[in-house]
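Below: the structure, in structure tokens.
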Amino acid sequence: MTSKEIRQSFKDFFASKDHQVVPSAPMVIKDDPTLMFTNAGMNQFKDIILGNAPVKYPRVADSQKCLRVSGKHNDLEEVGHDTYHHTMFEMLGNWSFGDYFKKEAIAWAWEYLVEVLKLDPDRLYATVFEGSPEEKLERDNEAAGYWQHYLPNERIIDGNKKDNFWEMGDTGPCGPCSEIHIDIRSEEERAKVDGLLLVNQSHPQVIEIWNLVFMQYNRKADGSLEPLPAKVIDTGMGFERLTMAVQGKTSNYDTDVFQPIIAKIGEITGVAYGNDTRKDIAKRVIADHIRTIAFSITDGQLPSNAKAGYVIRRILRRAVRYGYTFLNMHDAFMHKLVPTLIDVMGDAYPELEVQKTLIEKVIKEEENAFLRTLETGIRLLDKEIAEHKGSDRNELEGGIAFQLYDTFGFPLDLTELILREHGMSVDHKGFNVEMQKQKERARNAAAVETGDWVKVRDGGTEFVGYDETECETQVIRYRKVKQGILPGCPFQVAVLCRNGRPDRR
Ligand code: SER
């Protein structure tokens, strides 16, 4: 099956079980102070789950654009380095709001995977919540009982609160969950090590594909749990991982979700995929990040200097730097991937095609803006890394990291990423001190109190700093200020430049 067929088959399957298939909500969230981006399919149903909005359809299914790059769910560091984490991914989900519960959720998940997609049942495992004395929650024997209809006891595994109690954020809907894991290793490897030992052990080929959450509680700000007005089923399946399993691949990036984009990167850069680990990582990072950036712009979040916009800018700069360092891309190129992305995902998300011109333009401008300072910043950082290598210090001074951030546009996590490649880290405390100082400076500059201008002679001013580093001047007017720019000089002066060019004004 192609990825497009898999996505459609999921929607068709749950439609056949009386679910209303709804569109994905935007990936960018504008009206929830607890979340910047949609990080799970259930986000758009949060008010219904909490009982604050009416239930329109008791059974719903969809494919939701999700982003996990900040807050409680953040996969950024793994992306590209492994084969199955992403910044943006699609989550296939089905919901019941006060309608069916664990029994049907488990039965239909099994039916879809084994009977519709024909995944080998011998390669599947289910986990159940083991309970938590401190939360006064018992083991989920009910879910375990239903799993026994499909799986032998030894492949039903107890899991702790971290893995088997799902929470949207620090507050909000939550509940015990059952995850379905799949072992996609070769028969030979499976014979050597029992898959049972590899579930939840970060093995790239024994991975979670579907999380069935049995929402029963609301986590309040004081940390306590209160029961929800009605029990809710919230399931989420990683579409890219599922496609990998169905298509018999061992990397999400080898599926038809990513291969066309990776091929296009190869065409643009002239670098083939599969020959060099570091170049392959760079390609995977870029193939992943272009999706995040394009979908964010489509959903109304442009790159910027603050909050959600800065998250997107950081991701774009990360991708540009991977291209620059490992694929020798010194000119803007990411915007050229947009048509290929639309070929792959435009059917399911037509908004991409509608916004194509804007997406390409914004990405190209962002790329160019960063490329203007990237080379100088990298040279500075390389010099620092070389100097540190000769010594026993493996921490970059906070002041340098701040200079890279402030003058060369290097987000702190990008500097950290580059340093990590050399076994180094950043002095965070020093960085934060510099950041604080800059905030003070900005505050003081904004709070300047001034006297009246005193005119000395006629004339206007002109900025000559692009051409000159020194210039003879005459004061044309001045005023007293509470906080001058130069320490110890409580005046602001306007000067007429006389650098041999008296006729210029
Ligand atoms: N909310 C759960 C998750 O995100 C299931 O949809 O994993």
Side-chain angles (χ1 to χ4, degrees), residues 7 10-11 13-14 19-27 29 32 34-50 59-76 78 84-97 99-102 104-106 108-110 112-113 125-129 140 143 159-182 199-200 207-219 225 228 230-242 252:
R7 190 191 289 112
F10 179 86
K11 293 178 185 173
F13 176 80
F14 280 99
H19 287 63
Q20 177 70 30
V21 177
V22 299
S24 169
M27 197 168 75
I29 297 181
D32 183 343
T34 66
L35 278 179
M36 281 201 276
F37 301 102
T38 297
N39 67 8
M42 51 71 66
N43 293 167
Q44 66 165 313
F45 306 116
K46 182 177 157 191
D47 283 340
I48 299 178
I49 297 172
L50 291 175
R59 298 179 181 189
V60 168
D62 72 8
S63 168
Q64 171 67 49
K65 307 173 268 190
C66 296
L67 189 57
R68 291 194 169 174
V69 288
S70 54
K72 193 172 180 70
H73 300 280
N74 184 350
D75 295 330
L76 185 60
E78 281 85 24
Y84 61 105
H85 279 98
H86 300 290
T87 52
M88 185 221 152
F89 65 101
E90 286 178 73
M91 189 181 275
L92 304 173
N94 57 290
W95 285 270
S96 151
F97 306 115
D99 188 6
Y100 63 85
F101 204 45
K102 297 182 191 180
E104 292 84 349
I106 289 172
W108 291 338
W110 188 261
Y112 178 64
L113 293 178
Y125 298 83
T127 61
V128 295
F129 182 46
D140 193 350
N160 59 21
K161 207 167 104 178
K162 182 180 136 288
D163 292 321
N164 282 87
F165 192 87
W166 198 85
E167 312 205 32
M168 187 191 85
D170 293 332
T171 60
C174 54
C177 60
S178 243
E179 294 177 343
I180 302 173
H181 292 244
I182 189 163
V199 170
N200 270 333
I207 52 168
E208 175 204 342
I209 46 170
W210 203 344
N211 188 11
L212 316 182
V213 184
F214 314 122
M215 293 278 191
Q216 278 160 268
Y217 307 102
N218 176 26
R219 172 84 67 194
L225 295 174
L228 290 175
K231 288 181 181 168
V232 167
I233 287 295
D234 155 33
T235 88
M237 176 149 56
F239 170 66
E240 297 77 5
R241 293 181 183 188
L242 177 70
N252 290 2

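Computation of the quantities below employed the complete heavy-atom set of this structure, encompassing side-chain atoms and omitting hydrogens, waters and symmetry-equivalent molecules. All ligand and atom numbering here is 1-based and tracks the order in the structure.
Residues N252 and Y84 come closest through the heavy atom pair ND2-CA, 3.4 Å. Nearest heavy atom pair, residue S63 against residue E90, reads OG-OE1, 3.0 Å.
With hydrogens and angles left out, the side-chain atoms of Q44 and D62 include a donor and acceptor closer than 3.5 Å.
For T127, the side chain to side chain donor-acceptor pair (under 3.5 Å) partners two or more places apart in sequence, or in a different chain, are N164.
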Using a 3.5 Å cut-off on N/O to N/O, what pairs does ligand 1 make with the protein? A line per pair would be great.
| unit_1 | atom_1 | unit_2 | atom_2 | d |
| --- | --- | --- | --- | --- |
| ligand 1 | 1 (N) | D234 | OD2 | 2.7 |
| ligand 1 | 4 (O) | R68 | NH2 | 3.0 |
| ligand 1 | 6 (O) | D234 | OD1 | 2.8 |
| ligand 1 | 6 (O) | T235 | O | 3.3 |
| ligand 1 | 6 (O) | G236 | N | 3.1 |
| ligand 1 | 7 (O) | W166 | NE1 | 3.4 |
| ligand 1 | 7 (O) | N211 | ND2 | 3.1 |

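Separation of the W108 and Y100 ring centroids falls under the 6.0 Å cut-off. Separation of the H181 and Y125 ring centroids does not fall under the 6.0 Å cut-off.
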